[in-house]
Trainee: 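Mind looking over this structure? Questions follow.
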Amino acid sequence: MIYYNIQAFANRALARSRGIAPVIPHRDNEKDKPAFFAKTLYKARGRIEQGIGILKRFKRVALRCEKNARSFRSIVSFAAGLCLIKFVHTA
């Protein structure tokens, strides 16, 4: 339990030193929990993770079959286009 708190504190401090705002919520039983939490950023982070999860349903994206950056970018764009078409036509 103590290890988690030290590790979480170290991760948050490292992120802040690099100019990154950590958006993972603090635990309820944490002692020095700040009063403010950016819920909007946390929701946006969740949407991004869900989008990456949808893209990883495509085998070529998940396994990174394309070895150079240009062809990988192409297959990710193609997969994102297919996801967008599916999203638009089912709504």
Side-chain angles (χ1 to χ4, degrees):
M1 187 67 166
I2 294 172
Y3 174 76
Y4 170 78
N5 291 339
I6 294 170
Q7 187 67 30
F9 180 76
N11 287 341
R12 290 176 200 277
L14 181 63
R16 285 190 184 101
S17 70
R18 299 172 106 191
I20 302 168
V23 293
I24 299 172
H26 292 268
R27 288 189 164 195
D28 290 335
N29 61 354
E30 201 167 324
K31 290 181 182 177
D32 298 327
K33 186 168 69 167
F36 174 74
F37 177 69
K39 288 185 180 180
T40 308
L41 287 177
Y42 186 67
K43 285 182 182 180
R45 175 181 173 261
R47 296 286 184 209
I48 291 168
E49 286 185 6
Q50 291 165 8
I52 297 297
I54 290 171
L55 282 177
K56 284 187 174 183
R57 291 181 190 165
F58 290 86
K59 184 177 180 180
R60 294 183 75 95
V61 174
L63 297 178
R64 192 154 166 72
C65 294
E66 273 59 48
K67 295 303 176 192
N68 58 10
R70 184 177 180 187
S71 58
F72 184 70
R73 195 177 325 122
S74 307
I75 198 69
V76 168
S77 300
F78 180 70
L82 289 177
C83 291
L84 181 65
I85 290 171
K86 182 179 178 185
F87 176 75
V88 170
H89 286 291
T90 57

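Note that the structure is predicted; figures quoted are calculated from it, not measured. Reckoned from all heavy atoms, side chains included, excluding hydrogens, waters and symmetry mates.
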Trainee: How long is the span from the CZ atom in Arg73 to the CG atom in Asn68, to the nearest 0.5 Å?
Mentor: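 Output value for this atom pair is 9.0 Å.
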
Trainee: So, for Lys56 and Ala62, which heavy atoms are closest and what is the spacing to 0.1 Å?
Mentor: O-CB, 3.3 Å

Trainee: Please name the pair of heavy atoms, one in Leu82 and one in Phe58, separated by the smallest distance, quoted to 0.1 Å.
Mentor: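 Minimum heavy-atom separation between Leu82 and Phe58: CD1-CE2, 3.9 Å.
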
Trainee: So with a 6.0 Å cut-off around CZ of Arg64, is the heavy-atom count from everything else above 12?
Mentor: yes

Trainee: Can you tell which of Arg47, Lys43, Glu49 makes a side-chain contact (heavy atoms from CB on, under 4.5 Å) with Arg45?
Mentor: Glu49

Trainee: For Leu55 and Val61, work out which heavy atoms get closest and say how close.
Mentor: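 The answer is O-CB, 3.6 Å.
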
Trainee: With rounding to the nearest 0.5 angstrom, report the NZ to CD1 distance, Lys86 to Ile54.
Mentor: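 Output value for this atom pair is 8.5 Å.
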
